[in-house]
Protein chains: 2
Amino acid sequence: MESRTPAQGSSPADEARGRPLLDLALEAIWHSEGMSRADLSRRLEVSRSTASELVGDLLDTGLVAEGGDGPSRGGRRPILLKFQDRAHVILGLDMGATHVAVALTDLRGRILAWREEAHPVRSDPEGTRALMIRLCDTVLEEVHGSASSLLGIGIAVASPVDHLDPLRLSETVLPAWRGRSGFEALQKRYRVPVFVDNDANLGALAEGWWGAGRGVKHFTFIKLATGIGAGHMFGGQIYRGATNVAGEIGHISIDPHGDQCLCGNRGCLVTFIGGEALVHRAQAMLADEAGSLLADGPITPGRIEEAALLRDPVAMQLVREVAHHLGVAIAGLLNLLNPEAVILGGSMARLKDDLLIPLRETVVRRTLVSSVAAAEIRVSELGPQGIALGAATLVLSSALSSPTLFPGMQNLVAGRP
Amino acid sequence: MESRTPAQGSSPADEARGRPLLDLALEAIWHSEGMSRADLSRRLEVSRSTASELVGDLLDTGLVAEGGDGPSRGGRRPILLKFQDRAHVILGLDMGATHVAVALTDLRGRILAWREEAHPVRSDPEGTRALMIRLCDTVLEEVHGSASSLLGIGIAVASPVDHLDPLRLSETVLPAWRGRSGFEALQKRYRVPVFVDNDANLGALAEGWWGAGRGVKHFTFIKLATGIGAGHMFGGQIYRGATNVAGEIGHISIDPHGDQCLCGNRGCLVTFIGGEALVHRAQAMLADEAGSLLADGPITPGRIEEAALLRDPVAMQLVREVAHHLGVAIAGLLNLLNPEAVILGGSMARLKDDLLIPLRETVVRRTLVSSVAAAEIRVSELGPQGIALGAATLVLSSALSSPTLFPGMQNLVAGRP
DNA sequence: ACACTTTGTTCGCCTACCGAACAAAGTTCC
DNA sequence: GGAACTTTGTTCGGTAGGCGAACAAAGTGT
């Protein structure tokens, strides 16, 4: 079974000695849209002759193809090389607390098929595993013939993931699963590597590759949901901390005299703006003021977001309160880590400026150095599909940084005839 | 003028392609004490023949020498290779708010000579620069003949440092310096590269190389002084954030109803345990209770530390309060970053368990995941010399990771006869 | 004394990469 | 429209960094 860290042949010495030229060439072509052999030669700082030879090898793999001539730069027109985004597909699974979602993507993060279904994940491991397989089969059938070119499966789980044994799940967060994910079944069924990581980390990864974090070196993604989780992207890499549980921003205390939290701390962020806290607060506010859209029917975080979008006064007051409390926590984050940006995802993200403007105000009032206050605070661009997309991106990023995962590249590195 | 980032020939392509074998060999020999050519071959995963040739080159530089035979492992006895720690010396300067300190070290972080002098650094740029040169001359003379083998100068400043222009100083923190450090004069006088970084970062670097952070991948160093600063070491590298001001832990709010801070925030950590806050709190406590060692004479953080060491009840009560407030901030840090360890330096560090025990208690009560609570909290092992030692270490680490900084290595990389 | 290990050197080989040269295909300027 | 110049992409010999095999030197274990 494959772990998230590519196990094969990655010795400490190899890491320091750098990656083979062929890998770098593939990655460079992926990043640029339509680069010539001469461009590649300049990019990798190799001679045009070697660039030419590298391209020859890559053409054989099918991952790269020639795609017509580009504009002349004063001489012969270059032959553009295009990464073949459709050479493979990737399955990205989002296993939340109460739903399962599956995205089938190409190698450019485009979602070719999508399925989402509500399910009591926490209490029903067997049913969840069956559902995951059913959804995977569905999307693979929908995009005809894609099963044969499946590159890998990425899975986002709403629980900490052990770096050394990513197929185990936290027994405290998901007791009914008893630590065993059973994801090996997916690996056996589809005969491809399986990668697992925490959902906030993968939300961050997706935003960094395709969303609000493109081109941003250091940022933190905060997922607002029942719980509050964060994923850090430092220098293009997910930062996981010592034991892979970095990002528990929900349990930062923002008021030592606040309510007791399950974690033992007082005044955790989650006791102010977690899903349950929001519902309680809404109920309390409705007791004072009637005439809210929230008055009829059960109150859920989703309905609060809906109501705020419709400019319901109670819901908007709640959003302002969320903005304030979150602002205190983010101010601390900025002072401590000085990221370039903070990206908000999950519920509330659709509110955009209604959330961001009061949030920014709190942050600016509460940060010292001007450059810290200049950090951008944005909302997710990917919405609810972001987590599953991030799971697929985990596979893609692994493959691009160590292309032996691509079936066509294995012949080249091992020993060619 | 050299910046902290080695400017010479470091193109993006070079970085990805990895460092030359010769550099890796030098670093490997530095790290091990007495490794053979065969060991090196295994470590770098190259053949014994190449390892042998690499060693031949390194012997020529004078940075490595053969140091007798090692114990047999069942065959011929290996010839041990020893890094020549005395081949060069390094100057490490610590420019605090009210003092200047200089350490002359060898290539193993041993302090060969040390000078420290109080000086109103903030208000007197000219005098500070003259003092720095005087102290440098003194320590270079004391270790006779070392001036000729000076490798470089590292400087720790108690102000944020711009990554792109490390010779500029923050105008807000040190207005009298008007942004100009004038450190170019040191470079001209001693004809060696000068490296500059923030003092908390360099404290972290020193602890990571020589002190309480040896072998710890991810940790945060917190310097308690007039202000509270932190430096993060992630994976052996100083983490600086987007604009080089990561680590402003002093301005994390731990109580939104607390006192107003200069930064605009309320209830910042410094308003509880910064140098001035400590003095005020001590004065207030003395009004209630007499008979303290602190009653006679001016109250300073240093005297509070002294009194606590002598088990003065007022001072010890203050320490417990510091431990509690710091614990709240550290709990947040652990939840957010999940480091392996937190290392405390500056004043109070000498108190060890008197500080650590109540601190750990607060942290454990306030962190969710068990592995987060398992993070080690320690005090600095290097004491007041740590910052200057870190400045010297900045030079050493740069030289080891890009050995062209060593005079003897330049002939080899360029083009040998 | 013998077999077996480990170290370190030598030497020929292989291959990834380079530079020079060249053809093909454009552009610019007169 | 043609000459001069550019840029691209290929070919081809050269080079040097690293490898493996072989070997001598110096150990250990039985």
Side-chain angles (χ1 to χ4, degrees), chain A residues 9 11 13-14 16-26 28-29 32 34-60 64-82 409 412-417, chain B residues 11 13-14 16-26 28-29 32 34-60 64-82 412-417:
Chain A
S11 63
D14 270 351
R17 279 179 69 182
R19 298 159 48 201
L21 225 40
L22 200 64
D23 299 11
L24 296 171
L26 184 66
I29 293 172
S32 102
M35 102 191 303
S36 69
R37 289 163 172 81
D39 290 334
L40 185 67
S41 142
R42 284 185 288 261
R43 190 83 198 299
L44 301 186
E45 292 179 332
V46 297
S47 68
R48 285 210 310 283
S49 42
T50 43
S52 221
E53 175 151 349
L54 291 171
V55 169
D57 287 350
L58 289 179
L59 291 177
D60 293 341
V64 172
E66 295 186 335
D69 288 3
S72 161
R73 281 206 267 169
R76 172 177 170 177
R77 297 171 65 190
I79 305 171
L80 294 187
L81 301 165
K82 306 226 162 154
M409 296 282 290
L412 287 179
V413 290
R416 72 196 93 174
Chain B
S11 64
D14 271 351
R17 281 180 68 181
R19 298 159 48 201
L21 271 176
L22 201 64
D23 299 11
L24 296 171
L26 184 65
I29 293 172
S32 102
M35 100 191 305
S36 69
R37 289 164 172 81
D39 290 335
L40 186 67
S41 144
R42 283 185 288 261
R43 190 84 198 298
L44 301 186
E45 291 180 332
V46 296
S47 68
R48 287 210 310 281
S49 41
T50 41
S52 221
E53 177 152 347
L54 290 171
V55 169
D57 288 350
L58 288 178
L59 291 177
D60 292 341
V64 172
E66 295 186 333
D69 288 2
S72 161
R73 282 206 268 166
R76 171 175 169 177
R77 299 172 64 188
I79 306 171
L80 294 186
L81 302 165
K82 306 227 164 158
L412 288 179
V413 290
R416 68 197 97 174

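Scope of the values below: all heavy atoms of this structure, side chains included, with no hydrogens, waters or symmetry mates. From a predicted model like this one, the values you see are computed outputs, not experimental measurements. Letters A, B, ... are given to chains in the order of the sequence lines, protein chains preceding strands, and every chain is numbered from 1.
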Visitor: Does the side-chain contact (heavy atoms from CB on, under 4.5 Å) test come out yes or no for B:L44 and B:L54, once each step is laid out?
Guide: CA-CA 11 Å; B:L44 301 186; B:L54 290 171; 4.2 Å; yes
Visitor: So which nucleotide from D:dG9, D:dT10, D:dT7 ends up closest to the side chain of A:P78?
Guide: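 The closest nucleotide is D:dG9.
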Visitor: Rounding to an integer number of Å, can you tell me how far B:D69 CG sits from D:dA25 P?
Guide: 16 Å
Visitor: So if I take every side-chain heavy atom of B:S72 and compare against C:dA21, D:dG27, C:dT7, which nucleotide ends up nearest?
Guide: D:dG27
Visitor: Output the rounded distance in Å from CD (A:E45) to P (C:dG19).
Guide: 12 Å
Visitor: Expressed as a whole number of angstroms, how long is the span from B:L44:CG to D:dG17:P?
Guide: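 Rounded to whole Å, this separation is 16 Å.
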Visitor: If you define the side chain from C-beta out and look only at heavy atoms, does anything of B:I79 sit under 4.5 Å from B:D69?
Guide: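 They are in side-chain contact.
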Visitor: Hey, does the side chain of B:R77 reach the backbone of B:G70 with a donor-acceptor pair shorter than 3.5 angstrom?
Guide: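 At least one qualifying donor-acceptor pair exists.
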Visitor: OP1 or OP2 of C:dT7 versus the side-chain N and O atoms of B:S52: is any pair under 4.0 Å?
Guide: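 No, because none of the side-chain N or O atoms of B:S52 sits under 4.0 Å from OP1 or OP2 of C:dT7.
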Visitor: What's the CG-C1' distance between A:L22 and C:dC17, to the nearest Å?
Guide: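 Those two atoms, CG and C1', are 14 Å apart.
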Visitor: Assess whether one donor atom and one acceptor atom, taken from the side chain of A:R76 and the base of D:dT7, lie less than 3.5 Å apart.
Guide: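 Counting by modelled atom types and ignoring angles, no donor-acceptor contact under 3.5 Å is found here.
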Visitor: On DNA chain D, does the nearest nucleotide to A:R37 precede the nearest nucleotide to A:G74 from the 5' side, or the other way round? Give the residue.
Guide: A:G74
Visitor: So, does A:R48 get its side chain near the phosphate of C:dG19, meaning an N or O under 4.0 Å from OP1 or OP2?
Guide: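 Checking A:R48 against C:dG19: no side-chain N or O falls below 4.0 Å of OP1 or OP2.
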Visitor: Respond yes when some side-chain nitrogen or oxygen of B:T50 is under 4.0 Å from OP1 or OP2 of D:dC19, and no when none is.
Guide: yes
Visitor: Does the side chain of A:R42 get closer than 4.0 angstrom to OP1 or OP2 of D:dT8 through an N or O atom?
Guide: yes
Visitor: Quick check for you: among D:dT7, C:dC18, D:dT10, whose closest atom lies nearest to any side-chain atom of A:R73?
Guide: D:dT7
Visitor: So, under a plain 3.5 Å distance rule, would you say the side chain of A:S49 forms a donor-acceptor pair with the base of C:dG19?
Guide: yes
Visitor: Is any side-chain heavy atom of A:M35 less than 4.5 Å from a side-chain heavy atom of A:V55?
Guide: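 No, every pair of side-chain atoms sits at 4.5 Å or beyond.
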Visitor: Within the 4.0 Å heavy-atom criterion, would you say B:S47 contacts the bases, only the backbone, or no part of the nucleic acid?
Guide: base
Visitor: Quick one: does B:R77 reach the base of D:dG27 with a side-chain donor-acceptor pair under 3.5 Å?
Guide: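 Side chain to base: no pair below 3.5 Å.
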